[in-house]
Amino acid sequence: MPTNAEAAETFRAIADLLDVLGERFKPEAYRRAARSIDTLTEDLAAVAARNELRSIPGVGDAIEAKLREFLATGRIDYLERLRREVPPGVAEILHLPGLGPKTARRFWTDLGVEGPAELRAALDAGRLDGQKGFGPKKIAQIRAALDAAAGGPPSARLPIEEAYPIAHRIVRALREGAGADRVEIAGSFRRGRETVGDLDVLVASRDPERAFDVFSTLPDIREVRLRGGTKETAILARGLQVDLRVVDPSSFGAALQYFTGSKEHNVIVRTRARDAGLRVNEYGVFRGETRIAGATEEEVYAALGLAWIPPELREGRGEVDAATAGPLPALVTADDLRGDLHVHLEAAADAAAVERLLEEARRRGLAYLGLVAEGVTAPDGRSASPNRRWRRRCGPRRPASGSSASPRSTRPGRLRVR
DNA sequence: GCCGTTTTCGGCCCGACTGTTTTCAGTCG
Ligand SMILES: Nc1nc2c(ncn2[C@H]2C[C@H](O)[C@@H](COP(=O)(O)OP(=O)(O)OP(=O)(O)O)O2)c(=O)[nH]1
Ligand SMILES: [Mg+2]
Ligand SMILES: [Mg+2]
């Protein structure tokens, strides 16, 4: 049975090919469906079994049928047909940063370029020189993008827990060095997604240049990809992209709303606003030329007749409708945690370390803690009882409950559980 | 291709940056 991720990937492939064929709106429709599948919290097969695929935002008749075909056969005939129409390398060109559907299509149809290797050959032969829209800088950009792509695939999405320390280093540097009123991580990180494709950092400041200077000289910046008056994009040494946006403090709420997304959420919010005769952008909510909100997220949503929406819900899955009816449900927070059953003791941990852990747990309002001590079994398996080993290692404090698992020397692969 | 407290047809968010352009197209967030 194909996974949700494979289904989403397949729809993105369809979107790419439709894009280079010059279709309008359809590629976005397929991408929207793909992102919607990304945010699903159960298997597509389960949704299909309940006959509820159509309830997924962005899934209509045509995409539902393709989803069913994919779940049943692992392939989509429509995609196979598109693949026969478009050489595979053309989609690779589309994926080069800075190049898009218009350019990939033009290379393919005008120059007969069907992949990265042919594109490089065309560049070397000077076949792009004099082409309308291709000056020396653009040509250099394309060459650099080809070189980067030859060095390996673009870096994958990062689990959010791996993004945390990186994000906090950047935030600290900007808070300390950039004279910023506020610094927040927005984007998928703030929405609490399991993985992030990049880091989106928002700064409130009247001095963007100072923030950009601090940011550009962070130790692990590999490359600054673009820099203007309000935003900068850089790539970190490990390949992670960081987008920095700087706005005036009076726009901070609107900018945080914009930069937190998701894109689907933003489009729904902005469409509603437009229907109500308003305009929403990253600077505020406007009636005509008059700004009626902007400093805080609460006032931005309130100006649109909406309750504030927790970032974790901003995926375009009905939360905006729910926010018209009144406040949204309070989400579970770290304060709601009653205990932690997965705490590993470090190898050197002793009784004092256990006491420190308990103290920290109490400080966090936890009622219980599950501790795991590894590697405390004597190799012959005939050591003292688990209770005795626990006391030797962790001191006199008695666990409320406990168990021990050790390899059985006489029956390889089996555990002795006490 | 999707969708509907204006619509079942006709729209589909809004703005920044770059390179190339003399007013804008393409790409991206
Ligand atoms: N209004 C609007 N906002 C957008 C659009 N694209 C991106 N944004 C906003 C919402 C996004 O959450 C935010 C950051 O963009 P990203 O491309 O980094 O997306 P996001 O962080 O949501 O996901 P990611 O994990 O980076 O793939 O910028 C767009 O097309 N329109
Ligand atoms: Mg992001
Ligand atoms: Mg981003």
Side-chain angles (χ1 to χ4, degrees), chain A residues 11 14-15 18-20 22-36 53-67 78 93-107 128 130-142 144-145 186-188 196-202 208 212 224-234 241-247 251 254-286 304-305 316 318 320-321 324-325:
Chain A
F11 283 130
I14 292 175
L18 290 172
D19 239 342
V20 293
E23 285 280 356
R24 295 176 29 84
F25 300 109
K26 274 197 206 186
E28 260 317 291
Y30 279 97
R31 287 199 185 93
R32 175 167 175 227
R35 283 193 297 266
S36 208
L53 288 174
R54 284 291 311 267
S55 73
I56 300 170
V59 176
D61 281 338
I63 291 185
E64 176 187 17
K66 291 180 177 68
L67 266 176
Y78 183 54
I93 291 176
L94 176 69
H95 292 139
L96 295 173
L99 301 195
K102 295 285 197 297
T103 314
R105 177 177 175 76
R106 221 179 119 193
F107 287 162
L128 261 68
Q131 289 273 332
K132 188 151 173 284
F134 290 94
K137 288 190 176 177
K138 188 68 129 284
I139 286 174
Q141 273 180 3
I142 295 171
S188 50
V196 299
D198 67 1
L199 286 174
D200 303 290
V201 186
L202 178 65
F212 292 150
V224 173
R225 195 155 276 178
L226 59 85
R227 173 172 170 169
T230 74
K231 69 184 222 182
E232 171 167 342
T233 293
Q241 176 170 324
V242 184
D243 293 321
L244 177 65
R245 188 78 200 255
V246 183
V247 296
S251 291
L256 187 58
Q257 193 285 323
Y258 149 71
F259 218 21
T260 298
S262 65
K263 178 186 171 185
E264 281 68 29
H265 177 83
N266 287 356
V267 170
I268 291 167
V269 166
R270 290 171 178 210
T271 304
R272 272 186 68 97
R274 174 205 264 268
D275 290 347
L278 302 171
R279 188 172 95 255
V280 175
N281 56 32
E282 61 266 55
Y283 302 109
V285 181
F286 296 84
L304 302 172
V320 178
D321 284 341
T324 58

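First the proteins, then the strands, lettered A, B, ... as listed; each starts at 1. Only this structure's heavy atoms are used, side chains among them; waters, hydrogens and symmetry mates stay out. Being a predicted model, the structure only gives us computed values, none of them experimental.
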What's the gap between [N] and [M] when it is taken at their [atom1] atoms, as a whole Å value?
{"N": "dT21(B)", "M": "dG26(B)", "atom1": "P", "result": "14 Å"}
{"N": "dT8(B)", "M": "dG4(B)", "atom1": "P", "result": "13 Å"}
{"N": "dC9(B)", "M": "dA16(B)", "atom1": "C1'", "result": "34 Å"}

Atom NZ of Lys263(A) and atom P of dC12(B) are separated, to the nearest Å, by 14 Å
Out of [options], whichever nucleotide has its closest atom nearest the side chain of [X]:
{"X": "Pro101(A)", "options": "dC13(B), dG29(B), dT27(B)", "answer": "dT27(B)"}
{"X": "Lys231(A)", "options": "dT20(B), dT27(B), dG29(B)", "answer": "dG29(B)"}
{"X": "Asp200(A)", "options": "dG29(B), dC13(B), dC17(B)", "answer": "dG29(B)"}
{"X": "Thr230(A)", "options": "dG19(B), dC13(B), dA16(B)", "answer": "dA16(B)"}

side-chain contact (heavy atoms from CB on, under 4.5 Å) evaluation trace for Val280(A) with Tyr258(A): CA-CA 9 Å; Val280(A) 175; Tyr258(A) 149 71; over 6 Å; no
Just checking Asp61(A): base, sugar-phosphate only, or nothing, at a heavy-atom cut-off of under 4.0 Å? sugar-phosphate
For the side chain of Asn281(A) and the backbone of Gly284(A), is there at least one donor-acceptor N/O pair under 3.5 Å apart? yes
Between Ile63(A) and Ala29(A), which heavy-atom pair has the shortest distance, and what is it? CD1-O, 4.1 Å
Map Gly133(A) and Arg54(A) onto DNA chain B by nearest heavy atom, then report which one ends up closer to the 5' terminus. Arg54(A)
